[in-house]
There are 2 protein chains.
Amino acid sequence: MPEPSDRRSRKRLATSKAISDAATRLFMERGFDHVTVDEIAEAADVGRMTVFNHFPRKEDMFFDRDEEGREMLRAAVGQRAAGVAPLEALCLLAHRLVAERSPVVEFSARSERLVPTVAGSETLKARARAIRDELADLVAEALAEAIGRDPDDPDARLAAGLLLATWTVAFLEAHRTFRQTRSREKANEAFLALVDRGTAGLKAAMAATPYI
Amino acid sequence: MPEPSDRRSRKRLATSKAISDAATRLFMERGFDHVTVDEIAEAADVGRMTVFNHFPRKEDMFFDRDEEGREMLRAAVGQRAAGVAPLEALCLLAHRLVAERSPVVEFSARSERLVPTVAGSETLKARARAIRDELADLVAEALAEAIGRDPDDPDARLAAGLLLATWTVAFLEAHRTFRQTRSREKANEAFLALVDRGTAGLKAAMAATPYI
DNA sequence: CAGATATGTGTACTCAGTATATATTAAAAC
DNA sequence: GTTTTAATATATACTGAGTACACATATCTG
C-alpha cells in the first residue's frame, strides 16, 4: 500500500473506497442484481458518472482486489527459491497462503457471506470465471518463461489449466467444509488436501516436461 | 432429430433456424458485439420480440447446440460398457468423437471461423466459460453417481474440474495447431495427446478413489 | 499566479433484456 | 364443421448497464 502523499491521489482513493464499500455492503445486503448503479452512487454520495469513472463495470466494485492475486502468482513463480521447480513453488504458495491466513483463501464468517453473494448472481459468477481464466493465462506464461518455452507453450497451458481447476474446486470444497463444520482448521485441511492431490496429478501429467 | 409432424412445431423450428442462421452469419461477418438484436430480427424477417421468444439471450443464438454435448457426456458415463471405469469412459469418448469427426471437436475451416468469433467477444467467452462450468457440474454428478457417492462429492468434483480444464486446453491447442499446419490430422493428434496427458494426471490424482 | 491536467458530474444516447397486452393461427373438442 | 383452447408472433413501453461528450472544478506544476 503506497498511501500517496499528494492530496489529489488521496482524494481519489477515498472516493474509490467510498464507492467500493457502499457497493459491497449493498450487494451483500440485497444481492448484486437487486442493486442499481444509481443506488450505489446515491449511497456513496457521488454522481453516477463518477462510479463508472472508478469502476468501468458494476462487477469491478465487488472484485476489486484481483490484482493482488496476480502479483502473488507472478512472485511465486518468478521469485522462487533456488532449486525449487515452478510447479512446486505454486504448491508451496497455496500452503503459505493458508498458513499466513491470507484473505485469498480465508474460510471465515466473511467468506461465508461473500461466496453466496457471488453464487447468487450470474454476472458475478461470470466475472469470477473470467478472473480464473486470466490467472490461468498468467500462470501459463510464468511457467513457460520459467522453463524457457514460448509464452503459449501447450505444456505450460495444461499445467496452468489443471492448477486453476484444482484451486477452484479446493476453494469451494473448503468453503463447504467451513459452512458445515464451523471450523477454519477443517476447512484449511480440506483445501490443502485437494490442492495436494490436484498438484500430484498435475505433476504426473507433466512427467515428461523437465524442470516444470 | 425428431422432425415433428405437426405444422405448428415445424413452423416454430423453421423460425428458430432462420433466426439462428441469420444471427450466426452476422456474428461471423461483423463480430458478435457489432450486431444488434434488431438487425438479427430484420435479417430473419421476424419481430424483435420473436427473437427473444426463441433465444432468451443474444449468446444463445450462437451457442445453440450445447445440449448435445451434455447428452454425450451423460451417455458416456451412464451407458458405458461393463467393466469400464467412468473416467476411462470419458477418455474413450474424446477419442471416439475425434475418430467420428464429431462437430464438437472439429478442427476445420468452419471451426477456424468460429473460434475467433468467440475470442473476439467478452460476452461469447463468458458464455463459453459458463457452459464449461455447467459441463463440469454435469460430469461431477455423473461420476459421483457412477461410484455411489453424494452428488457434490469432492473427488468427483476434482476429477470433473481437471477433465474439463484438460479438454479446454486441448481444444484450443488443437485449433492453434490446425491454424498453423492446415492439417486436421495434426490437430487431432495434438488434441488427443493433450487429452491423454491430462487424463493420465487425472487418474494419478484419483489414485486413492477406487473405481472412478 | 497562470496554465496544464486530473477528477467529478450532468445530459443524452445505445442496446440488451423484461413485462404486458393483443392478434393470429393451428390444434383439439364437441 | 364449428367452437373453444392453446401456442406463437409481435407491438409498445419500460428498466438498467454502459458510452460519448461536454463542462466545471480542484489540484498540481512552472
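Sequence lines set the chain letters: A, B, ... in the order given, protein chains first and strands last, and positions in each chain run from 1.
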* Asked: Does some side-chain heavy atom of A/F62 sit less than 4.5 Å from a side-chain heavy atom of A/S20?
  -> no
* Asked: With a 3.5 Å cut-off and no angle check, do the side chains of B/E106 and B/S108 form a donor-acceptor pair?
  -> yes
* To do: Using atom CZ of A/R57 as one end and atom P of C/dA16 as the other, report the distance to the nearest whole Å.
  => 18 Å
* Between B/F32 and B/F27, what is the ring plane arrangement, given parallel below 30°, perpendicular above 60°, and tilted in between? -> tilted
* Asked: Would you say the side chain of A/D153 lies within less than 4.5 Å of the side chain of A/R157, judging by non-hydrogen atoms?
  -> no
* To do: Could you list by number each residue of residues 17-42 of chain A showing a heavy-atom separation from DNA chain D of less than 4.0 Å, or answer none if no residue does?
  => A/V35, A/T36, A/V37
* nucleotides 2-13 of chain D: protein proximity per nucleotide (B base, S sugar-phosphate only, - neither; heavy atom, under 4.0 Å) -> ----BSSSBBB-
* To do: Evaluate the criterion side chain to side chain donor-acceptor pair (under 3.5 Å) for residue pair B/H95 and B/D196; output intermediate values, then yes/no.
  => CA-CA 9 Å; B/H95 282 263; B/D196 286 347; 2.8 Å; yes
* **Lys/Arg-Asp/Glu bridge criterion (N-O < 4.0 Å) met for A/K125, B/D133** => no
* Asked: Given atom CD of B/E59 and atom C1' of C/dG17, what is their separation to the nearest angstrom?
  -> 11 Å
* To do: Kindly calculate the angle separating the two end axes of the helix from C/dC1-D/dG30 to C/dC30-D/dG1, each obtained from five base pairs, and round it to 10 degrees.
  => 20°
* Would you tell me whether B/S102 and B/E100 have side-chain atoms, one donor and one acceptor, within less than 3.5 Å of each other? => no
* Asked: Distance from B/K17 atom NZ to B/D64 atom CG, nearest 0.5 Å?
  -> 9.5 Å
* Between A/D66 and A/R70, is the closest basic N to carboxylate O distance under 4.0 Å? -> yes
* Indicate whether any N or O donor in one side chain lies under 3.5 Å from an N or O acceptor in the other, for A/S9 and A/D6. => yes
* Structure fact -> Separation of C/dT7 atom P from A/F55 atom CZ, nearest Å, is 14 Å
